[in-house]
*Asks:* 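What follows is a structure written as structure tokens; I'll ask about it next.
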Protein chains: 2
Amino acid sequence: MSASSRFAVAVHILALLETNANQALSSSSIAASVNTNPVVIRRILGRLNKAGLVHTEYGADGGTRLARSAHEITLNDIYRATENCRILPLHASSPNQDCRCGRTIQPVLSTIFSNAEAAMQQVLANKSLAEVVREMQAEAKPQACS
Amino acid sequence: MSASSRFAVAVHILALLETNANQALSSSSIAASVNTNPVVIRRILGRLNKAGLVHTEYGADGGTRLARSAHEITLNDIYRATENCRILPLHASSPNQDCRCGRTIQPVLSTIFSNAEAAMQQVLANKSLAEVVREMQAEAKPQACS
DNA sequence: TGAATATGAAACAAGTATAGTTACATTTTA
DNA sequence: TAAAATGTAACTATACTTGTTTCATATTCA
């Protein structure tokens, strides 16, 4: 029932693009930060491209940049670009339609599951990429203690 | 990772137990409504048993009953009993710790993902099994039209 | 007591998704 | 034209879920 790690990697990629906004980054250089294969990065960049979150250029000196300001990208934008499925799936095979319970459970659950997923996405929608980058910079600094 | 339908099936099972509260149900009869194998049902019942949501008895005339009132069982109780993992996973392998972004992304994401998951579970916690059964009964009746 | 009926658990197969890798065609720039 | 980059296909390994068979164990009742 879990999502994939694509979402986490996608946020990582976009945070990296934001902190290096002066240049286009290649999939290889991104892969070095994520610690994985460049093709894995390119697969995720393909989704982010299709969603209009990044802009990629071919060729020598090519690479990827953010397509819009980090203030205008929410984590939910990234989530929807990278994950396919309902996070709370219904039955694998259809319940027995000759049973009253089997007939009625799925429409009821479908509504509830949609509401639950919407609540999760609302939290993501309230967090921008810019905020994430700011929190990462705070994380990098030593904490003041009392 | 493929998604698990255990949660949906577990709600189905418990709704069936509630609507047949006068008798203990065998895994075979439950399986007939869910349209699957009795062993699949017993695996899920094992989790529900461990969580204290149902009570199972061996032997002829055995079977499973709700361990407490349907008003006192929330969908989040069922969710936590049946699903293991974080719903929004972090990176599959640890990012590059020599990169500032690689070092700081995971603690930041971990907090955000926890908040998002908590919002989802809050929706589930606000819905009792009794409400689900009521909605299923409403679903079974023909709708009045205007 | 012994047959019948349950559960619990182990073992296995099939299906599906992810993550990682290699390889190669294509595009762009110098 | 060479170099550097993307996009994509194909393959492997891994992991999880679902479904299935099998069998030991517990309980009830004739």
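The chains referred to below are lettered A, B, ... by the order of the sequence lines, with proteins before strands, and numbering in each begins at 1.
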*Asks:* Whole Å only: how far is the CZ atom of B:Arg47 from the P atom of C:dA9?
*Replies:*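 So the two atoms are 12 Å apart, to the nearest Å.
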
*Asks:* Counting the atoms with a prime plus P, OP1 and OP2 as sugar-phosphate, which does A:Gly59 contact under 4.0 Å by heavy atoms, base, sugar-phosphate, or nothing?
*Replies:*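 Base contact.
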
*Asks:* In terms of side-chain heavy atoms of A:Ala60, which of C:dG20, D:dA4, C:dT21 is nearest?
*Replies:*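 Nearest listed nucleotide: D:dA4.
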
*Asks:* I want to confirm an ordering. Mapping B:Val39 and A:Asn37 to their closest nucleotides on DNA chain C, which one lands closer to the 5' end?
*Replies:*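 Looking at DNA chain C, the more 5' nearest nucleotide goes with B:Val39.
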
*Asks:* Going by atom types only, do A:Ser4 and A:Glu83 share a side-chain donor-acceptor pair under 3.5 Å?
*Replies:*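 A donor-acceptor contact under 3.5 Å links the two side chains.
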
*Asks:* Among C:dT28, D:dT20, C:dT7, find the nucleotide with the atom closest to the side chain of A:Tyr58.
*Replies:*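 The nucleotide sitting nearest to the side chain is C:dT28.
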
*Asks:* Once you round it to whole Å, what is the distance between C1' of C:dT7 and CD of B:Glu57?
*Replies:*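 So the two atoms are 11 Å apart, to the nearest Å.
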
*Asks:* With a 4.0 Å cut-off on heavy atoms, is B:Thr64 in touch with a base, just the backbone sugar-phosphate, or nothing at all?
*Replies:*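 Touches nothing.
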
*Asks:* Taking CZ in A:Arg100 as the centre, count heavy atoms belonging to other residues, nucleotides or ligands within less than 6.0 Å. Is the count above 12?
*Replies:*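 Atom CZ in A:Arg100 is not packed in, count stays at 12 or less.
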
*Asks:* Using a cut-off of strictly less than 4.0 Å, decide whether B:Thr56 has a side-chain nitrogen or oxygen near OP1 or OP2 of C:dT7.
*Replies:*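 For C:dT7, neither OP1 nor OP2 has a side-chain N or O of B:Thr56 closer than 4.0 Å.
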
*Asks:* Rounded to the Å, how far apart are B:His91 NE2 and C:dT18 C1'?
*Replies:*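 Going from NE2 in B:His91 over to C1' in C:dT18 covers 15 Å.
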
*Asks:* C:dT7 phosphate, OP1 or OP2: any side-chain N/O from B:Arg42 under 4.0 angstrom?
*Replies:*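 It does, given that an N or O in the side chain of B:Arg42 lies less than 4.0 Å from OP1 or OP2 of C:dT7.
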
*Asks:* Nearest 0.5 Å please: distance from the NE2 atom of A:His12 over to the OG atom of A:Ser5.
*Replies:*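 OG of A:Ser5 is found 12.0 Å from NE2 of A:His12.
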
*Asks:* Whole angstrom is fine here: how far is it from CZ in A:Arg65 over to P in D:dA5?
*Replies:*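 So the CZ-P distance, A:Arg65 to D:dA5, works out to 14 Å.
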
*Asks:* How long is the line joining NE2 of A:His55 and P of D:dG7, in whole Å?
*Replies:*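 Result: 10 Å.
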
*Asks:* Between B:Ser26 and C:dA6, is there a side-chain N or O to OP1/OP2 distance below 4.0 Å?
*Replies:*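 No, outside the criterion.
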
*Asks:* Write down the distance between CD1 (B:Ile30) and P (D:dG19), rounded to a whole number of angstrom.
*Replies:*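 The distance from CD1 of B:Ile30 to P of D:dG19 comes to 15 Å, rounded to the nearest Å.
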
*Asks:* Could you state the atom-to-atom distance from NZ of B:Lys50 to P of C:dG8 in whole Å?
*Replies:*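 My rounded result for the distance is 12 Å.
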
*Asks:* Within the structure shown, what part of the strands sits under 4.0 Å from B:Ser28 by heavy-atom distance: base, sugar-phosphate, or nothing?
*Replies:*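 Contact class for B:Ser28: none.
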
*Asks:* Between B:Ser93 and B:Gly46, which is nearer to the 5' end of DNA chain C once each is assigned its nearest nucleotide?
*Replies:*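 Counting from the 5' end, the first nearest nucleotide belongs to B:Gly46.
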
*Asks:* Does a side chain donor of either A:Arg47 or A:Asn84 reach within less than 3.5 Å of an acceptor in the other side chain?
*Replies:*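 Result is yes, a qualifying pair exists.
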
*Asks:* State whether the number of non-hydrogen atoms from other residues, nucleotides or ligands found under 6.0 Å of A:His91 atom NE2 is greater than 12.
*Replies:*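 Yes, enclosed.
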
*Asks:* Round to a whole Å and report the spacing from CG of A:Asn84 to C1' of C:dA17.
*Replies:*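 One finds 10 Å between C1' of C:dA17 and CG of A:Asn84, rounded.
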
*Asks:* OP1 or OP2 of C:dA17 sitting under 4.0 Å from any side-chain N/O of A:Ser4?
*Replies:*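 No, outside the criterion.
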
*Asks:* Has A:Arg43 got a side-chain N or O lying under 4.0 Å from the OP1 or OP2 atom of D:dG7?
*Replies:*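 Checking D:dG7 against A:Arg43, no side-chain N or O comes under 4.0 Å of OP1 or OP2.
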
